[in-house]
Amino acid sequence: MPELPEVETLRRELEPRLRGRVIRSLSTFPSRVFQLDPAVLEAAVTGQTIHTVSRRAKYLIFELDRWYWIIHLGMTGQLTLLDEPMENNGSSSSGGDTHIALVARLSRGRTLRFRDVRKFGRVMLFSRDGDGLDSRLGSLGPEPLGSDYLLEDFLGKLAQRKARIKSVLLDQKLVAGVGNIYADEALFKAGVHPARRVRYLRRWEKVRLFETIPQVLERAVLHGGTTLRDYRRSSGMPGTYQIWLQVYGRDGQPCTQCDSIIQKMVISQRGSHFCPYCQPRKPRPRPVA
DNA sequence: AACCTTCCCTGATGGC
DNA sequence: TGCCATCAGGGAAGGT
């Protein structure tokens, strides 16, 4: 499931290779992912230059002359960049793959392709003239790898919450870009049980969580993200962070730290993985180290 | 406002 | 081998 590290990996790969390219043509194929009339999208982006590729939360943003062209990968979205123009006599077809949503042909023979099997992804277009982008992407919290990620803000938001910490971490208003995998991994690293109620967390536990979130995300970016099934880098290659997962998807296997068996429970309709010893239900005294 | 549930969507998986 | 139920989950919508 593409979360911040996967989208950021794509951004880093695409930025230098798309910057300055012109979108020569865009072909779309019927798909629920389009938030606007695909014909309008085709007309709007054709001829536009890609100035930068940025990211906000799990949204990838192509800044064009007049537009912000935005893609969210949802659950199974794949964005690949081919160095050759599409084979087959120039017409951008889907090559028989029914899951392809769009094919963009770029200047100097590059092809950008978006494929999404489960169609939870989204393709959006906003005018650069309108309101700021942020207001149109919903109420998103700070970027955990950015300079507005601040402890006092984090603690202040948590102070108003009574739900379980796992479901609060999945709420993009607290921290933007964290999804199910990295929420579980950050909770493990912080030693916090996912089902703990936020109001009963000790301050030092919240501080540890504040610190582990960017640590886990940054390390995942370093490894090109996590590929469990569908996620692919822009080259089509899988990420490699799945090797380093400590709890996600490891239920029934021994904890790498203590050999306890990793457990799984459902919180907010999401599978939540944890070590019952490293992440006790009741807080232990603060470790000396 | 916070919280919770339901829904969307399709391929993989497992039971029988 | 085939059939069917179940599962995966980001984000929006709707109810309390």
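Just so it is clear: chains get the letters A, B, ... in the order the sequence lines come, proteins before strands, and each one is counted from 1.
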How would you label the contact of Arg115(A) with the nucleic acid (heavy atoms, under 4.0 Å): base, sugar-phosphate, or nothing? nothing

Applying a 4.0 Å non-hydrogen cut-off, can you work out what Lys166(A) is touching in the nucleic acid: base, sugar-phosphate, or nothing? nothing

Just call it for Gln269(A): base, sugar-phosphate, or nothing, with non-hydrogen atoms closer than 4.0 Å on any strand. base

So that I know where these two stand, are Phe188(A) and Tyr248(A) an aromatic pair - ring centroids less than 6.0 Å apart? no

Correct closest heavy-atom pair for Leu26(A) and Thr46(A) would be N-OG1, 4.0 Å

Taking CD1 from Ile71(A) and C1' from dG10(C), how many angstroms apart are they, rounded to a whole number? 16 Å

Minimum heavy-atom separation for Glu6(A) to Met1(A), with atom names? OE1-O, 3.7 Å

On DNA chain B, nearest-nucleotide positions of Lys162(A) versus Arg229(A): which is more 5'? Lys162(A)

Between P of dA8(C) and NZ of Lys264(A), the distance in whole Å: 4 Å

Nearest-angstrom distance from the residue atom CZ of Arg32(A) to P of dG11(C): 16 Å

In this structure, is the centre-to-centre distance between the rings of Tyr68(A) and Phe126(A) below 6.0 Å? no

Length of the CG-C1' vector between Leu170(A) and dG11(C), whole Å: 11 Å

Need one value for Met75(A): base, sugar-phosphate or nothing, where a base atom within 4.0 Å counts as base even if backbone is also close, heavy atoms only. base

Could you state the CG-P distance from Asp116(A) to dG11(C), rounded to the nearest angstrom? 13 Å

Identify the heavy atoms of Gln172(A) and Gly177(A) that sit nearest to each other, and give their distance. OE1-N, 2.7 Å

Have a look at Arg55(A) and tell me which of Glu63(A), Glu8(A), Glu3(A), Glu13(A) forms a salt bridge (Lys or Arg N to Asp or Glu O under 4.0 Å) with it. Glu8(A)

Remaining members of Leu150(A)'s ILVMFWY cluster at a side-chain heavy-atom cut-off under 4.5 Å? none

Sugar-phosphate, base or nothing in reach of Gly271(A), heavy atoms under 4.0 Å: sugar-phosphate

Range on DNA chain B touched by chain A - first to last nucleotide, heavy-atom distance under 4.0 Å: dA2(B) to dA12(B)

hbond_proxy Arg270(A) side chain to dG11(C) base (donor-acceptor, 3.5 Å cutoff): yes

Can you tell me how far C1' of dA8(C) sits from OH of Tyr231(A), to the nearest Å? 19 Å

Rounding to a whole Å, what distance do you find between Asn180(A):CG and dA8(C):P? 10 Å

Base, sugar-phosphate, or nothing for Arg122(A), non-hydrogen atoms under 4.0 angstrom? nothing

Whole angstrom value for the distance that separates P of dA8(C) from CG of Asp184(A): 12 Å

Reckon His72(A) has a side-chain N or O less than 4.0 Å from the OP1 or OP2 of dG10(C)? no

